[in-house]
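A quick write-up on the structure given underneath.
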Amino acid sequence: MKEYQQLINGKYVNSQSGEWIEVENPFTGKIVSRVPKGDNRDAETALQAAKGAQDAWVARTASDRASYLKKMAEVIRKNRIELAQILVAEQAKVLPLAQVEVDFTADYFDYYAGWARIYEGEIINSDRPNENIFLFRKPIGVVVGICPWNFPFFVMARKVAPSLLTGCTIVLKPSSLTPNTTLAFAKMIDGIGLPDGVVNFVTGGGKTMGKYLVESPLTDMVTLTGSVEAGQEIITSSAKNVTKVSLELGGKAPAIVFEDADLDIAVKSIVASRVIFSGQVCNCAERVYVHKNVLDKFLEKFTAAMQEVTYGDPLAKHTPDMSSQIDKNQLDKIDAMVVKAKEEGAQVLTGGKKADTPSGYFYEPTVLAGCTQDMEIVRKEVFGPVIPVLTFSEYDEAIALANDCEYGLTSSIFTKNINTALKAVKDLKFGETYVNRENFEAMQGFHAGWRKSGIGGADGKHGLMEYLQTHVAYIQF
Ligand code: NAD
């Protein structure tokens, strides 16, 4: 069994508690590693290190800081196969998708390195003669990054890259379910010359160590990717020191299929958006609204396509579309929601139950017809390959149903009419809308949820701004 260590102040350390967290491979059920079960003392040491390193880090030029991001990208590319295998083993992501995540993560470090010579301040006209108003953009300081289990490697980069580029230092805590890729990477960057304390990787519980990190007066910003519940707890914990939060939380993305849609494109895109990583993605298509005149045809094609979705060993030579859910807890949650939907009148067109497999926590790709807006399966996030289908008659009805949701992360529409597309983009109240394609964001975009899906966001220019604060100087001459 592999053993990983935390990276705190440039040193690879076990927890001061001496305790460990065991990490299970969800497909095989075997324990693949153990990582330190960090406690408040580890969190404090890491925060002190990040605080201590910040002044010297920000004193460097942005292009100098960017050179470390480029080295991180190089390290990832050099170890791309090993990292993808570690990712597969800790979370049962199918190997090609794990490889995409690893390669995308390397590109992400390079992408933000490119911002070193791009982000800038402003000079503002003064009302006084002989005065300049300079607006500087300065790093927020010590960032606490808290990651989920679904894209543990990429989300690590989503927090580390903009932190370092802007001159922030960071303490990052991966999910206890998937800490291996982050800690393996921590070891791989030994030797790139990063000053001690600039990046610290700690492992421990969310409600214990995570809470301590958020509540600390040393923390200047918290960036969480995770559930709405964790976001709510972090808002409460961060109130103590009025600490800035950036929250990327859950979603319940609607997909609207208008009467004139190309049904083959719609079916292909919605299936892809639903089953990617076994349905465990925040921006997955999660509920479909189909125009009544094409409902039967859509259901026929969509059900057939979901029946063709394959699942199995994430390392199989003929890669399945999906593998195991992350753990038994998640599998039981999905099943309970489907059982409830059936009791409420949903009709199972395919799937509808746990899959009978020799190992792993598999759920059958599931299509539920006859669903209504008030059902839990239509209103709450389902982290699994399950999709409820509803119908509509008029454009306004479809938009109203899609917008009637506590989450506001992503959405998608399918139509051949440019006017319908542009109107829907205007009327939908979500952070992202995909037109005639699957849900998957770009690093140069801006991934930000409305309503309970979050505060602030990540990626691109606007994601970088999250890590900067303004300082305005009025200079009379
Ligand atoms: P989670 O909320 O259970 O855990 C996320 C992280 O928060 C973990 O590291 C956990 O230890 C920590 N945490 C939990 N409670 C905390 C607290 N009180 N204080 C500090 N830290 C705490 O989420 P998860 O199950 O790991 O991930 C799945 C969720 O993440 C889904 O809801 C999904 O939609 C969401 N997600 C959102 C995005 C996005 O970009 N919007 C991306 C990926 C995942």
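Just follow the structure's listing: the first ligand is 1, and inside any ligand the first atom is 1.
The closest protein non-hydrogen atom to atom 14 (C) of ligand 1 is Ala230 CB, 3.7 Å. Nearest protein heavy-atom contact of atom 12 (C) of ligand 1 is Ile146 CG2, 3.5 Å. Looking only at heavy atoms of the protein, atom 20 (C) of ligand 1 is closest to Gly206 O, 3.2 Å. Annotation: atom 33 (C) of ligand 1 to nearest protein heavy atom, Phe383 CZ, 3.3 Å. Looking from atom 23 (O) of ligand 1 to the surrounding protein, the closest heavy atom is Ser227 N, 3.5 Å. Of the protein's heavy atoms, Cys282 CB, 3.6 Å lies nearest to atom 36 (N) of ligand 1. In terms of protein heavy atoms, atom 27 (O) of ligand 1 is closest to Pro148 CB, 3.3 Å. Nearest to atom 43 (C) of ligand 1 among the protein's heavy atoms is Asn150 OD1, 3.2 Å.
The heavy atom nearest to atom 37 (C) of ligand 1, considering only Asn283, Asn329, Leu249, is found in Leu249.
Between Val386 and Met337 there is no side-chain heavy-atom pair separated by less than 4.5 Å.
Neither the backbone nor the side chain of Val155 comes within contact range of ligand 1; no heavy atom lies under 4.0 Å.
Less than 4.0 angstrom separates some heavy atom of Leu224 from each of these atoms of ligand 1: 6 (C), 7 (O). For ligand 1 and Glu381, the ligand atoms under 4.0 Å from any heavy atom of the residue are 31 (C), 32 (O), 33 (C), 34 (O). Every atom of ligand 1 is numbered from 1 in the order shown, and the set under 4.0 Å from a heavy atom of His447 is 39 (C), 40 (O), 41 (N). When each atom of ligand 1 is checked for a heavy atom of Gly250 under 4.0 Å away, the hits are 32 (O), 34 (O). Of all atoms in ligand 1, numbered sequentially from 1 with element shown, those under 4.0 Å from a heavy atom of Glu233 are 15 (N), 16 (C), 17 (C), 18 (N).
Ion pair Glu24/Lys30 not flagged as a salt bridge, since none of the NZ, NE, NH1 or NH2 atoms sits closer than 4.0 Å to an Asp/Glu carboxylate oxygen. For the pair Arg77 and Asp107, the salt-bridge criterion is met [side-chain N within less than 4.0 Å of a carboxylate O]. Ion pairing of Asp335 with Lys353 is absent here, as no side-chain N (NZ or NE/NH1/NH2) approaches a carboxylate O to less than 4.0 Å. A salt bridge does not link Lys211 with Glu233: every distance from a Lys NZ or Arg NE/NH1/NH2 to an Asp or Glu carboxylate oxygen is 4.0 Å or more. A salt bridge links Asp103 to Arg80: at least one charged side-chain nitrogen sits closer than 4.0 Å to a carboxylate oxygen.
Put simply, part of Arg158 is less than 4.0 Å from ligand 1, judged by heavy atoms. Ser175 counts as a contact of ligand 1, since one of its heavy atoms falls under 4.0 Å from the ligand. Using a 4.0 Å heavy-atom cutoff, Cys147 is listed among the residues neighbouring ligand 1. Within the 4.0 Å heavy-atom shell around ligand 1 one finds Trp149.
Taking the six-membered ring where the residue is Trp, Tyr112 and Tyr108 present perpendicular rings, their angle passing 60° and hence far from 30°.
Figure legend: cation-pi geometry between Lys2 and Tyr4, with NZ or CZ positioned under 6.0 Å from the six-membered ring centre and within 45° of its axis. Stacking of Lys187 on the aromatic ring of Tyr12 is recorded, both the 6.0 Å distance cut-off and the 45° axial limit being met.
Counting only N and O atoms by type, the side chains of Thr433 and Ser411 include a donor and acceptor under 3.5 Å apart.
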Evaluate salt bridge (charged side-chain N to carboxylate O under 4.0 Å, His left out) for Glu248 paired with Lys159, printing each intermediate quantity in order.
CA-CA 11 Å; Glu248 283 103 60; Lys159 301 185 187 310; 3.8 Å; yes
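Residue Glu286 forms a side-chain hydrogen bond (donor to acceptor under 3.5 Å, both in side chains) with just one option from Lys252, Lys380, Arg379, and that option is Lys252.
The presence of a protein heavy atom under 4.0 Å from atom 1 (P) of ligand 1 is confirmed.
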